[in-house]
Engineer: 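One structure follows; several queries about it will come next.
Read the numbers this way: they start at 1 and go in the same order the structure lists the ligands and their atoms. Below, each value reflects all heavy atoms present in this structure, side chains not excepted, and no hydrogens, waters or symmetry copies.
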Amino acid sequence: MSGGETGSTGDETPLIVQEVAPRDGLQIEPAFVDTADKVALIDALSATGFSRIEATSFVSPRAVPALRDAAEVLARITRRPGTLYVALVPNLKGAERALAARADELNLVMSASETHNRANMGLTREASLDGFARIVAAARGGGVRLNATVATAFGCPFEGAQPPERVLGLVERYRALGIDGITLADTTGMANPRQVGDLVARALRLVPVEALTLHFHNTRGLGLANVLAARAAGARRFDAALGGLGGCPFAPGATGNICTEDLVSMAHEMGIPTGLDLDGLITLSRGLPALVGHPVPGQVAQAGRPGDLHPPPPGIAA
Ligand code: COA
Ligand code: ZN
């Protein structure tokens, strides 16, 4: 029997997985996924038990045509009680569109790296921060939650390593603006576990544990190792994408997020609860190649769960 089935020998502190495939996963797909298919995917993800689903982004449709149907997606999904539907926004215009579409949470994004911020958002970091202040003012009193992401927090594909002081300085600026939730994002999978442990420990001196999310990409195969390092340093919340879809269209070499069902399988095998329906996630992930038109990187959906045993060869007793 696997540790996931006994659930008794592991660390009982839950690991909170936040699904980002509908946004980070689909933003980089070359073929447009029909609105009805996006809505069906989000509704099916809701049924597996997520507390947060990043459903779309309100960015320029010229920059990210794949998500040009953001408002329609939010209008058509079935909102499950207990799930927050998050929208990524780059600027005030995006925030106004997301508020009109009744997003539960706005995820404001800018980069630690000036070069990536200009490539991704067409803005200097100071201009992004000015925009964030306007978004906070526009959102005030409306009941919407605010999260802000530091992209390229563990390294930039143009500039390389980012000083931790720069990343933590942005975290302090976000908090001073009145933004509660903070995400540290490894946009192109440059982080290593030691670096992650150090930065998470320092971030947790500035941000309460329930407000901190880690967002890893598996570009160099270290995604789940980085999760365990972040957890050992105290982090509890992680973004992940079904099937390991994902990537930033404005970061050279970007590839998928850590894979939701691989992360959930690891957690359950270790006796760490997630509250998510792993079988449901695997079934959904197996439908992704037909949706996006190519194989996806997730491994558990291909290999099966560790406990999915095979019949012994003929003539050999089980
Ligand atoms: N949603 C929709 N349209 C927007 C918009 C938004 N959030 N922000 C700006 N626009 C429109 C403007 O109205 C303007 O339209 P017009 O040409 O019809 O008048 C046009 O886009 C250009 O506006 P401008 O302010 O000059 O923006 P820009 O061209 O410098 O682009 C961003 C800035 C931030 C909108 C763009 O770079 C962007 O959407 N980036 C997001 C990239 C992304 O999603 N990356 C992955 C996730 S991290
Ligand atoms: Zn990402």
Engineer: Please work out which of Thr187, Thr149, Asn120 has its closest non-hydrogen atom nearest to atom 37 (O) of ligand 1.
Structural biologist: Asn120
Engineer: For atom 38 (C) of ligand 1, what's the nearest protein heavy-atom neighbour? Residue, atom name and distance, please.
Structural biologist: Ala63 CB, 3.7 Å
Engineer: Using the ring pair (Phe, Tyr, Trp, His ring centres under 6.0 Å) rule, collect all pairs that involve residues 103-151, keeping only residues at least two apart or in two chains.
Structural biologist: Phe132-Tyr174
Engineer: For ligand 1 and Asn91, I'd like to know whether there is a polar contact (N/O to N/O, distance under 3.5 Å).
Structural biologist: yes
Engineer: As an exercise, state the distance from CG of Leu206 to CG of Leu204, rounded to the nearest 0.5 Å.
Structural biologist: 9.0 Å
Engineer: Applying side chain to side chain donor-acceptor pair (under 3.5 Å), run through Thr183 and Asn147 and close with a yes or a no.
Structural biologist: CA-CA 7 Å; Thr183 298; Asn147 186 87; 3.0 Å; yes
Engineer: Looking only at distances, can you tell me whether any N or O atom of Ser60, backbone or side chain, sits closer than 3.5 Å to an N or O atom of ligand 1?
Structural biologist: yes
Engineer: Which value, rounded to the nearest 0.5 Å, describes the distance between Ile77 atom CD1 and Leu41 atom CG?
Structural biologist: 11.0 Å
Engineer: Quick one: do Arg52 and Glu19 make a salt bridge, cutoff under 4.0 Å?
Structural biologist: no
Engineer: Output yes when a protein non-hydrogen atom is found under 4.0 Å of atom 23 (O) of ligand 1, and no otherwise.
Structural biologist: no
Engineer: If you measure every N/O of Gly94 against every N/O of ligand 1, is any gap under 3.5 Å?
Structural biologist: yes
Engineer: With the threshold set strictly below 4.0 angstrom, can you tell me whether any protein non-hydrogen atom sits that near atom 29 (O) of ligand 1?
Structural biologist: no
Engineer: Under a 4.0 Å N-O cut-off, is there an ion pair linking Glu159 with Arg166?
Structural biologist: yes
Engineer: Return the CG to CG distance between Asp180 and Leu146, rounded to the nearest 0.5 Å.
Structural biologist: 7.5 Å
Engineer: Do you see a protein non-hydrogen atom under 4.0 Å from atom 26 (O) of ligand 1?
Structural biologist: no
Engineer: As an exercise, state the distance from CG of Leu45 to CD1 of Ile53, rounded to the nearest 0.5 Å.
Structural biologist: 5.0 Å
Engineer: Does any N or O atom in Phe58 lie less than 3.5 angstrom from one in ligand 1, N or O only?
Structural biologist: yes
Engineer: Quick check on contacts: which atoms of ligand 1 are under 4.0 angstrom from a heavy atom of Val64?
Structural biologist: 43 (C), 44 (O)
Engineer: From the N, O or S atoms in Asp24, identify the one nearest to the Zn ion (ligand 2).
Structural biologist: OD2
Engineer: Quick one: does Val300's side chain get under 4.5 Å of Ile282's, heavy atoms only?
Structural biologist: yes
Engineer: Looking at non-hydrogen atoms alone, which of Val109, Leu88, Val59 comes nearest to atom 41 (C) of ligand 1?
Structural biologist: Val59
Engineer: Closest N/O/S atom of His217 to the Zn ion (ligand 2), by atom name?
Structural biologist: NE2
Engineer: Do me a favour and list the nearest non-hydrogen protein atom to atom 47 (C) of ligand 1 with residue, atom name and distance?
Structural biologist: Gln27 OE1, 3.3 Å
Engineer: For Arg145, look at atom CZ and say whether over 12 heavy atoms of other residues, nucleotides or ligands are found less than 6.0 Å away.
Structural biologist: no
Engineer: Can Pro61 be said to touch ligand 1, with heavy atoms closer than 4.0 Å?
Structural biologist: yes
Engineer: Closer than 4.0 angstrom, basic N to acidic O: yes or no for Glu165 and Arg202?
Structural biologist: yes
Engineer: Within 4.0 Å of atom 1 (N) of ligand 1 (strictly less), any protein heavy atom?
Structural biologist: yes
Engineer: Can you tell me if Cys248 has an N, O or S atom under 2.8 Å away from the Zn ion (ligand 2)?
Structural biologist: no
Engineer: May I ask which of Lys93, Arg62, Met121, Arg23 has a heavy atom nearer to atom 16 (P) of ligand 1 than the others do?
Structural biologist: Arg62
